[in-house]
Amino acid sequence: MKKILALALTLVMALTVFTACGSSKKEDATTAKKEEVATVKTDGMKTIEKGTLNVGVEIGYPPFEQFAEDGKTEEGYDIDIISGVAKRLGLKVNFVNTAFDGIFKGIDKNYDVVCSAITITKERKQTMLFSDPYIDNYQAVVVNKDSKAQIGAFTDLEGLTIALQEGTTSMEMMDDLIGTKTLKKTKYIKSEKVTNCFEQLKNGEVDAVLVDSTVADGQVAKNKNFKIAWKDNSEPEQFGIAMGKKNVGLQKAINLALKDMKAKGEIDDSYDFWFKQAK
């Protein structure tokens, strides 16, 4: 009787071990499926950290980059774009929150790319590579809704006090207009954060904000006391993902990822989500 019980116990133990082993293998397989696998060619792609795409962003430029209601989760149009890219490259994404003024200095040191509403310009292309553009943009002037300013050109900013973000193409444009004396009585106040510019406008500290039209759309959609006084449709800009001058492999891989996202409607879907209120 004891022999029979012992044999039965042995069989039970064997089945338990077998089942446990099978379960472990199944869990391992499930875990493996969760790991990102590249779906585009990544030949020659280099990143600072293996398996991770470190991304320089300036959180505080809605609706491109902002924190969610929990105060710590990154969200926004740019966040969607670069997250979709990283997934197709088989990489985890890690965001490095950085002040916009000087953000390019961290490329190849603190992060692999910058995806933070970056305008592609001839000057910037001399020192870094850019992906294909993923959104069009224009310069816009935002004023308080009760403002009587009539603006139909940059020259109509004469005599006004303008708020703008430091290190942006808006600032470069104002420096050019003032430097060439196209605007003689205009002055501007620069801030590290674009949100500070709109606070200054709200509080009556400035007459207008010069900013990307895409950001202007988002701000006007959220605040009924603001309006877009003018949008410079004659000078289109395009945003791209910036990276190191020698990282051609990463540039090619990112462009393939963007192309796939576009083909599958993901870029358009994200645009509709973040900008649809402003249409």
Side-chain angles (χ1 to χ4, degrees), residues 32-59 61 63-65 74-98 100 102-138 167-169 212 214 236-275:
K33 287 181 181 179
K34 291 181 180 179
E35 294 178 1
E36 298 292 357
V37 178
T39 57
V40 299
K41 291 183 179 180
T42 58
D43 299 345
M45 181 184 74
K46 296 179 181 179
T47 56
I48 296 172
E49 183 181 352
K50 185 178 179 181
T52 301
L53 184 68
N54 286 292
V55 182
V57 294
E58 186 231 358
I59 306 297
Y61 201 69
F64 288 92
E65 304 92 21
E74 303 89 351
E75 65 175 17
Y77 182 71
D78 278 341
I79 303 302
D80 288 352
I81 295 296
I82 200 63
S83 295
V85 166
K87 181 178 180 179
R88 285 163 172 78
L89 302 187
L91 302 173
K92 295 184 296 182
V93 64
N94 176 55
F95 295 106
V96 182
N97 192 10
T98 307
F100 192 82
I103 197 170
F104 300 121
K105 295 178 182 178
I107 294 177
D108 288 337
K109 297 176 183 178
N110 303 326
Y111 31 80
D112 304 291
V113 302
V114 173
C115 184
S116 195
I118 304 300
T119 303
I120 303 170
T121 67
K122 291 181 180 179
E123 292 75 19
R124 288 172 177 172
K125 288 172 77 173
Q126 292 178 6
T127 57
M128 63 191 85
L129 295 178
F130 280 93
S131 70
D132 293 334
Y134 58 87
I135 191 173
D136 291 335
N137 177 69
Y138 303 87
T168 61
T169 50
D212 291 329
T214 43
E237 298 177 353
Q238 292 182 312
F239 290 170
I241 301 165
M243 65 213 80
K245 189 71 174 178
K246 297 181 180 180
N247 209 340
V248 178
L250 181 58
Q251 181 191 42
K252 290 180 178 178
I254 288 176
N255 284 340
L256 287 173
L258 288 173
K259 185 177 181 180
D260 185 62
M261 291 175 69
K262 182 66 176 177
K264 293 180 178 176
E266 290 182 29
I267 292 180
D268 290 338
D269 288 344
S270 180
Y271 182 90
D272 288 343
F273 179 82
W274 292 106
F275 300 102

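Side chains included, hydrogens not; waters and symmetry mates left out as well; all remaining heavy atoms used. Index from 1, following the sequence.
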Could you pull out the closest heavy-atom pair between [X] and [Y], with the gap in Å?
X: Gly44; Y: Asn247; result: O-OD1, 4.4 Å
X: Ala242; Y: Met128; result: CB-SD, 3.7 Å
X: Leu258; Y: Asp132; result: CD1-O, 3.6 Å
X: Tyr77; Y: Ser270; result: CD1-OG, 3.3 Å
X: Cys115; Y: Ile82; result: SG-CB, 4.0 Å
X: Ile103; Y: Ser116; result: CD1-CB, 4.4 Å

Supply the atom-to-atom distance [X] [atom1] to [Y] [atom2], rounded to the nearest 0.5 angstrom.
X: Ile118; Y: Ile241; atom1: CD1; atom2: CD1; value: 10.5 Å
X: Asp260; Y: Ile267; atom1: CG; atom2: CD1; value: 9.5 Å
X: Lys46; Y: Leu250; atom1: NZ; atom2: CG; value: 11.0 Å
X: Ile120; Y: Glu237; atom1: CD1; atom2: CD; value: 10.5 Å
X: Lys252; Y: Leu256; atom1: NZ; atom2: CG; value: 9.5 Å
X: Lys92; Y: Leu53; atom1: NZ; atom2: CG; value: 12.0 Å

Beyond-backbone contact of [X] with [Y], side-chain heavy atoms, under 4.5 angstrom:
X: Asn110; Y: Asn54; result: no
X: Trp274; Y: Thr214; result: no
X: Arg124; Y: Phe104; result: yes
X: Asp212; Y: Thr169; result: yes
X: Val40; Y: Leu89; result: yes
X: Val85; Y: Val93; result: no
X: Phe95; Y: Ser83; result: yes
X: Asp268; Y: Lys262; result: yes

Checklist entry - Which pairs pass ring pair (Phe, Tyr, Trp, His ring centres under 6.0 Å) with one or both residues in residues 239-259, sequence neighbours excluded? => result Phe64-Phe239

Between [X] and [Y], do the side chains contain an N or O donor and an N or O acceptor separated by less than 3.5 Å?
X: Asn94; Y: Tyr111; answer: no
X: Asp112; Y: Thr47; answer: no
X: Tyr61; Y: Asp78; answer: no

Item to check | Donor-acceptor contact below 3.5 Å, side chain Glu65 vs main chain Ile79 | outcome: no

Checklist entry - Taking NZ, NE, NH1 and NH2 as the nitrogens, is one of them in Lys87 or Glu266 under 4.0 Å from a carboxylate oxygen of the other? => result no

Item to check | Evaluation steps, side-chain contact (heavy atoms from CB on, under 4.5 Å), between Lys246 and Asp108 | outcome: CA-CA 10 Å; Lys246 297 181 180 180; Asp108 288 337; over 6 Å; no

Checklist entry - Would you say Lys245 has more than 12 foreign heavy atoms packed within less than 6.0 Å of its NZ? => result yes

